[in-house]
Structures are given as structure tokens and as C-alpha cells.
Amino acid sequence: MKKLSRLYLVLVFIILYVPIIYLIVYSFSQGDTMTNYHGFTWQHYRDLFADPRMLAIVADTLLVALLSALMATAIGTLGALSIQRTSKRVTRDVLLNLNNILMVSPDVIIGASFLIFFTTLKIPLGFGSVLLSHIAFEIPIVVLMVLPRLREMSPSLLSAAEDLGATTHQLLTKIILPFITPGILAGFFMALTYSLDDFAVTFFVTGNGFSTLSVEIYSRARQGINLEINALSGVMLLFSLLLVGGYYLLQQSSRKRRARKREVTP
Amino acid sequence: MTKRNFWGYFVPYGLWLGLFVIAPVALIVYQSFFNLDHQLTLTNYADYFRSGVYLKMTLNSVWYAFLITLFTGLISYPTAYVLHQLKHRQLWLLLVILPTWINILLKAYAFIGIFSQDGLANTFLRFIGLGPHQLLFTNASFIFVATYIQIPFMILPIYNALDDLNPAFINASQDLGATHWQTFRHVIFPLTLPGVKAGIQAVFIPSLSLFMLTRLIGGNKVITLGTAIEEHFLTTMNWGMGSTIGVVLIVAMIIVMQLTNDHTKGAAK
């Protein structure tokens with residue numbers, strides 16, 4: 001029984017990882033099909049880095065991801081602060097439910113409704129509309145990452161600071177923000193991955209001139225196999241691993257810090 | 001914090017709620033009442049319910065989403081269960097999450113290669129003597145790839161539910177003479193049902209709207225609600241009808257949320 005269950009687990013993991021490994025293996029294959037390995041080459045990576053259109057799209061994608069994640073983190077943190085401050089339970093529940101609408105809505109709905117929204121307001125489709133959409137769908141996850149940290153904060157900490165004469169500004173920068181920094185960083189990382197991962201919303205609001213990696217991969221994949229995409233996935237996999245690694249280290253260090261604090265205060 | 005300052009903090013978030021949460025939903029409902037000539041009308045809804053095409057497409061989409069959710073659940077529950085008994089389970093869990101960090105389009109693209117005439121899948125089929133088949137652009141390949149993409153999103157909530165389960169219940173059940181199967185059937189499964197429901201929520205709704213997979217893997221043979229919306233908005237430019245289908249998708253979403261939410265709340269009380 002035990003052996004059988006292990007075998008099952010191994011099988012599931014093989015299925016989970018075969019496509020990814022397959023992509024990467026063929027990024028090093030000569031020729032231009034994803035069948036019959038033709039021998040090792042760096043050619044597709046060289047092509048990728050010599051493709052000015054592709055490089056511009058990579059730069060655009062990273063720019064949108066960074067800018068939108070920064071903005072979403074700022075707005076989302078303010079949102080979490082104000083949700084936490086509302087004293088009425090009903091208001092808070094309503095705000096939280098509204099916050100979660102974009103989390104549960106299917107991508108196509110978000111994309112289609114944003115497209116109507118931008119057209120109604122006559123906002124031109126392109127970099128601006130994509131950036132605004134990414135900020136919009138990243139805010140709720142930031143709120144959800146920051147709120148638990150705010151809840152952990154004891155109210156006596158705030159009253160103590162207020163009693164000692166701290167201004168609102170000091171309260172925010174000296175007490176609240178340092179305490180919730182791990183949540184803010186986690187929110188920023190999640191926002192970054194949401195942005196890099198998104199395809200459907202961007203596809204709706206991108207218009208003609210502007211493209212992100214996902215949209216570019218989609219249009220190239222519709223034309224068939226192109227091993228440059230494999231090379232691109234190799235680069236993106238490396239980038240994701242770095243992000244996951246960074247996020248993991250961040251969590252570990254905050255967990256250690258918390259554990260240390262517990263030792264100090266019995 | 002003074003009240004005045006507090007409102008200052010709320011402004012950006014409040015603006016976002018108004019402009020990007022409430023307004024778009026209102027706009028999509030509003031748009032669904034307009035025809036191609038920008039006249040206020042109910043024809044979109046009349047068309048939707050009267051012409052069999054849309055209803056059939058909706059049923060089809062729900063059926064595929066159901067199959068995808070079913071297969072994902074059947075594969076994920078045992079996986080989460082075995083995973084939860086492992087020694088280094090945190091590490092294994094990280095390995096389950098890792099594939100979700102890879103862009104969904106790259107995963108779909110990988111399957112274009114794997115399912116092609118001389119791809120990995122056909123090589124394997126030939127090896128076990130089942131000969132090559134046309135795999136790409138079939139309904140089965142669409143379901144397979146969608147299931148593949150959704151598996152981690154089902155494993156995680158089930159794993160968390162198993163983690164929350166108090167082992168004392170299992171010990172008690174075994175002490176009282178229940179067999180492994182009885183313990184699972186009457187103790188473990190009912191207590192982890194909230195996790196399964198969360199998983200269904202996370203898988204079923206997106207499965208209704210996976211339009212990129214129907215294009216890349218399904219070869220336009222499968223039309224989901226998502227595909228229909230994308231086509232009406234970006235190809236035929238009939239936003240009114242697209243919005244109507246969008247409203248249907250929103251209603252479907254609310255129904256699924258209600259079905260999977262209420263019971264857990266009742267149990268918690």
C-alpha cells in the first residue's frame with residue numbers, strides 16, 4: 001500500500017514536471033521542431049538575445065510588472081490600513097467583499113469589463129491601459145497579504161505611542177510600517193508574479209502597438225513551434241526560480257526573527 | 001489617527017474600488033443591453049435564450065468545466081493525502097507550487113510539442129504499441145492540459161484541510177475499531193470537505209473561461225464561455241452580446257460560490 005502510494009506520487013510529479021523539462025530540453029536542441037532531439041546548441045538563446053523586438057517586449061513586461069507592483073503595493077497598503085481602521089463590522093465586511101471581487105472574477109470578465117471601461121473614458125489602449133489594469137488586479141492580493149500583519153499588531157502598541165505624544169505621521173512611519181513590512185514585501189512579490197503571469201487581461205486591453213511576453217508567446221505559439229520561445233521559457237524559468245528563492249528567503253528570515261522575539265519575551 | 005487623516009488614506013483605495021471594481025461590473029451589465037447599433041434593447045438576452053447555439057455552448061462549457069474539475073479532484077485528493085504523510089512535506093509542497101509560477105502559456109505551448117505527430121506522447125504510444133494518434137486539437141487534449149494546469153490549485157486547499165485536521169479524530173476512530181477505509185469515509189473525507197470545496201471554487205470558475213487553451217490546444221473545437229466572450233469582444237466586435245455572455249458567466253460564478261460557500265459557513269457555526 002505504502003509503495004503503491006509512493007509510486008502514485010512519483011507519477012503525479014513526473015506529469016507535473018515533464019512539460020517544463022521538455023520545454024527546457026528542446027531550448028538546447030538544434031533544428032526547429034520540438035521532436036527528436038538534434039544535439040546541443042546555444043543557438044536559440046543567441047537568437048533570443050539578438051532579437052530586438054523580443055528584448056523590447058521583455059523590457060516592457062518587466063517595466064509594467066515593477067511599476068504596477070510598486071503602485072499596487074502603495075495603494076493596497078493604504079487600503080489595508082483603512083480597512084483595519086473601520087470600526088463598524090458591516091463596513092469592513094462590505095469592503096473586504098468588494099476587495100475580493102477581482103480575486104475571484106474570471107480573467108476574461110476582468111479583461112472585457114476593463115476594455116469597456118477604458119473605451120468609455122477614451123483612454124487609449126497601450127502601455128497606460130495595461131499598467132492601470134495590472135495595478136487594478138494586483139491591489140486585492142496586496143491587501144490580503146498586509147491585513148493579517150495589521151491584525152497581529154496589538155492595539156496597546158499604538159495607544160502607548162499616542163500617549164507618548166507621537167503624531168499620526170510618526171505613528172505610521174515609526175510603528176505601523178516597520179511592523180507590517182513583511183506583509184508589504186510579500187504583497188509586492190505576489191503582485192509582481194500576478195503581473196508576470198497575466199495573459200487574459202493584458203490580451204484584452206493591450207491594443208495594437210504594445211505587447212507583453214504572455215501576449216507575444218500566445219501570438220507566436222498560434223503560428224506553431226518556434227524554439228526561440230523555448231529559450232525564452234528557459235530564461236523565464238530561471239527568473240521565476242530566483243523570485244521564488246528570494247521570496248522563500250524573505251519568509252524564512254521573518255520567521256526566524258519572529259522566533260527570536262518569542263525567545264526574548266517568554 | 002484623526003478622522004480627517006484617515007479619510008486621506010482611504011482616498012486612493014476608495015478610488016480604486018469605485019473605478020476598477022464597481023464601475024467595470026456595472027459597465028458590463030449596462031453594455032449587455034445594447035445591440036450592434038448602440039440601441040437600448042433586450043435582444044441580446046432574447047437571442048441568448050432563444051437561439052439554441054448559445055445555450056448549447058453554455059451547457060458544453062459547464063460540462064467541460066465539470067469534467068476538468070472532476071479529474072483534477074480525483075488526481076489531487078490522493079496526491080495531497082500521500083503528500084501530507086511525507087517527512088519533508090513542506091519541500092514537496094513547494095515543488096507542487098513551483099509549476100504555478102511558470103506562465104500558463106508556456107505550459108500550453110509545451111503541450112503543443114508533446115502532443116504533436118512525433119512528440120513525446122506519440123513516441124510513448126508507439127512504444128507501448130498503441131500507434132500514433134492525432135492528439136493535438138482534440139477535446140481530450142483540451143481537458144488533459146486544463147487538468148494539468150489546475151492540479152496545483154486543487155492540491156493546495158486539500159493539503160491545508162488535511163493539515164488542519166486534528167489527528168486525535170483519526171486515532172479515536174481507529175481505537176474504536178474502524179478500518180482504514182471506514183476512517184477515511186466517515187472521518188477524514190467529511191472533515192476535509194471544506195478544502196475540496198475551496199479547490200472546486202479555484203478550479204471550476206477559471207475552467208469556464210480558459211479561452212487561450214481552447215485556441216492553442218483545443219483547435220477551436222471546444223468553445224467555452226471565455227472563448228465566446230473573447231470572440232465577441234475582439235473578433236466580431238459585438239460587445240453587447242459579449243457582455244451578455246459575460247453576465248451569464250458572472251451569474252455562473254455566483255452560483256458556484258454559493259454552492260461551495262454556504263455549507264462550510266454552516267459547519268463553522
Side-chain angles (χ1 to χ4, degrees), chain A residues 5-6 8-9 12-13 15-20 22-23 26 34-36 74-76 78-79 81-82 85 98-99 101-102 104-110 112-117 120 136 139 168 171 193 196-197 199-200 204 213-214 217-218 221-222 224-225 229 233 236-237 240 243-244 248, chain B residues 1-2 5-6 9-10 12-13 16-17 20-25 27-28 31 75 78-79 82-83 94-96 98-99 101-114 116 118-120 148 151 205-206 208-209 211-212 215-216 226 229-230 233-234 239 242-243 246 249-250 253 257:
Chain A
S5 64
R6 288 286 154 87
Y8 177 75
L9 202 63
V12 170
F13 271 96
I15 292 176
L16 274 181
Y17 278 91
V18 155
I20 298 162
Y22 195 77
L23 269 183
Y26 276 100
M34 255 202 274
T35 49
N36 309 324
I75 300 172
L78 289 179
L81 281 170
S82 35
R85 281 305 274 190
L98 284 176
N99 185 68
I101 286 184
L102 286 187
V104 295
S105 298
D107 294 349
V108 262
I109 294 292
I110 302 178
S113 61
F114 281 8
L115 177 62
I116 304 176
F117 174 74
T120 312
I139 287 175
T168 309
L171 211 61
T193 45
L196 291 174
D197 233 23
F199 162 70
F204 271 88
L213 271 177
S214 315
I217 294 168
Y218 178 71
R222 287 198 78 177
I225 305 291
I229 303 181
S233 49
M236 282 170 82
L237 179 69
S240 310
L243 266 180
V244 182
Y248 185 73
Chain B
M1 252 186 255
T2 56
N5 272 329
F6 164 65
Y9 289 122
F10 183 68
Y13 184 72
W16 167 77
L17 278 180
F20 288 97
V21 178
I22 298 167
V25 175
L27 276 171
I28 208 167
Q31 186 81 43
I75 295 169
T79 311
V82 179
L83 202 69
L94 200 69
L95 284 175
V96 171
L98 196 67
W101 288 62
I102 289 157
N103 199 302
I104 175 175
L105 284 159
L106 287 178
K107 286 184 274 192
Y109 170 75
F111 278 102
I112 299 179
I114 291 175
S116 65
D118 301 305
L120 190 67
Y148 167 81
I151 283 175
I205 300 166
L208 287 173
S209 61
F211 73 90
M212 46 288 201
R215 294 253 189 270
L216 293 176
I229 294 172
E230 188 253 356
F233 267 91
L234 300 175
W239 288 17
S243 301
L249 184 49
I250 293 174
M253 180 183 98
M257 303 279 282

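Chain naming here is simple, since letters A, B, ... match the order of the sequence lines and numbering starts at 1 in each. Here the structure is a predicted model, which means the values were calculated and not measured.
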Compute the ring centroids of F111(B) and Y22(A), then answer whether they are less than 6.0 Å apart.
no
Measure the spacing between CZ of R222(A) and CD1 of I112(B) and express it to the nearest 0.5 Å.
10.0 Å
At what distance, to the nearest 0.5 angstrom, does OG of S214(A) lie from CG of N103(B)?
4.0 Å
Honestly, the part of A74(A) sitting under 4.5 Å from a heavy atom of chain B is neither
Evaluate the side-chain contact (heavy atoms from CB on, under 4.5 Å) criterion for residues N99(A) and V21(B): first the C-alpha distance (whole Å), next the side-chain angles of each, then the deciding distance (0.1 Å), finally the verdict.
CA-CA 8 Å; N99(A) 185 68; V21(B) 178; over 6 Å; no
Closest heavy-atom pair and its distance - F199(A), M212(B)
CE2-CB, 3.6 Å
Can you tell me which portion of I217(A) sits under 4.5 Å from chain B's heavy atoms? Options are side chain, backbone, both or neither.
side chain
Would you say Y109(B)'s side chain and Y218(A)'s backbone share a donor-acceptor pair under 3.5 angstrom?
no
Using a 4.5 angstrom heavy-atom cutoff, name the option from L120(B), I205(B), L17(B) with the most pairs to chain A.
L120(B)
Verify, without hydrogens or angle tests, whether Y13(B) (side chain) and L81(A) (backbone) share a donor-acceptor contact under 3.5 angstrom.
no
How long is the straight-line distance from CG of L98(A) back to CH2 of W16(B), given to the nearest 0.5 Å?
8.0 Å
Between L9(A) and chain B, with a heavy-atom cut-off of 4.5 Å, which part of the residue counts as in contact: side chain, backbone, both or neither?
side chain
Roughly how far apart are L23(A) CG and I102(B) CD1, rounded to 0.5 Å?
8.5 Å
Separation of L115(A) CG from W239(B) CH2 (nearest 0.5 Å)
3.5 Å
To the nearest 0.5 Å, what is the distance between CD (E230(B)) and CG (D107(A))?
12.5 Å
Check: D197(A) side chain, I104(B) main-chain N or O, donor-acceptor pair, under 3.5 Å:
no
So what's closer than 4.5 Å to chain B heavy atoms on I110(A): side chain, backbone, both or neither?
neither
What part of Y26(A) lies closer than 4.5 angstrom to a heavy atom of chain B: side chain, backbone, both or neither?
neither
Sort T79(B) into side chain, backbone, both or neither according to what part of it lies under 4.5 angstrom from a heavy atom of chain A.
both
Between I114(B) and chain A, which part of the residue has a heavy atom less than 4.5 Å away: side chain, backbone, both or neither?
both
Could you tell me which non-hydrogen atom of I116(A) sits nearest to which non-hydrogen atom of Q31(B), and how far apart they are?
CG2-OE1, 3.5 Å
In sequence, state the C-alpha distance, the side-chain angles, and the governing distance for Y8(A) and I75(B), and then conclude on side-chain contact (heavy atoms from CB on, under 4.5 Å).
CA-CA 10 Å; Y8(A) 177 75; I75(B) 295 169; 3.7 Å; yes
